[in-house]
Amino acid sequence: RINENFLNILSSLSLEEVIALKLELSIKNINNKMYNFPLWSSMPNVTRDALLRYAMAACQSKRDMARFLGIPINKFGDILKKYNTEKLYN
């Protein structure tokens, strides 16, 4: 799925362009009808979830993840539970 050519093309796009393309592709699957979904208000949570997933891939421990994200370690466990990321970590 992911090869060097794909990574080269992806690296030339901004994050905003990647998000817009992903939304466009997702919405095509449902005939361009995405009504009554709170997309605008959901974006902060979607973005935080993406940050958590990247931190999981890039860091060696939960402590490193918390430091990378600038989150106090005593609050980090609650954040993992809130975003249901704890199951992905284990």
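Please read these numbers as outputs of a predicted model, since none were measured by experiment. Residue indices begin at 1 and follow the sequence shown.
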Open item on the list: Determine whether N3 and L7 satisfy the following criterion, side chain to side chain contact (heavy atoms under 4.5 Å, CB included), listing intermediate values before the conclusion.
Closed with: CA-CA 6 Å; N3 59 33; L7 292 175; over 6 Å; no

- [ ] Following the transitive rule for hydrophobic clusters with a side-chain heavy-atom cut-off under 4.5 Å over Ile, Leu, Val, Met, Phe, Trp and Tyr, establish whether M43 and V18 coincide in one cluster.
- [x] no

Task: Nearest-0.5 Å distance that lies between atom CG in N8 and atom CG in L13 - done: 11.5 Å

Task: Separation between CD1 of I79 and CG of L51, rounded to the nearest 0.5 Å - done: 11.0 Å

Task: Test salt bridge (Lys or Arg N to Asp or Glu O under 4.0 Å) applied to R48 - qualifying residues, sequence neighbours left out - done: none

Open item on the list: Rounded to the nearest 0.5 Å, what separates atom CD1 in I9 from atom CG in N5?
Closed with: 4.5 Å

TODO: Would you check if M65 and I71 make a side-chain contact, meaning some heavy-atom pair closer than 4.5 Å?
DONE: no

TODO: Decide whether L23 and L15 are clustered together by the hydrophobic rule: side chain heavy atoms of Ile, Leu, Val, Met, Phe, Trp, Tyr closer than 4.5 Å, transitively.
DONE: yes

Task: From CZ (F76) to CG (L52), nearest 0.5 Å - done: 5.5 Å

TODO: Look at the side-chain heavy atoms of Ile, Leu, Val, Met, Phe, Trp and Tyr, link any pair under 4.5 Å apart, and say whether L21 and F6 land in one connected group.
DONE: yes

Open item on the list: Rounded at 0.5 Å granularity, tell me how far OH in Y54 sits from SG in C59.
Closed with: 7.5 Å

Open item on the list: Would you compute the distance between atom CD1 of I19 and atom OG1 of T47 and round it to the nearest 0.5 angstrom?
Closed with: 5.5 Å

Open item on the list: Can a donor-acceptor pair be found, under 3.5 Å and without considering hydrogens, that links the side chain of D49 to the backbone of N45?
Closed with: no

Task: Contacts of type side-chain contact (heavy atoms from CB on, under 4.5 Å), residue S14, not counting sequence neighbours - done: E16, E17

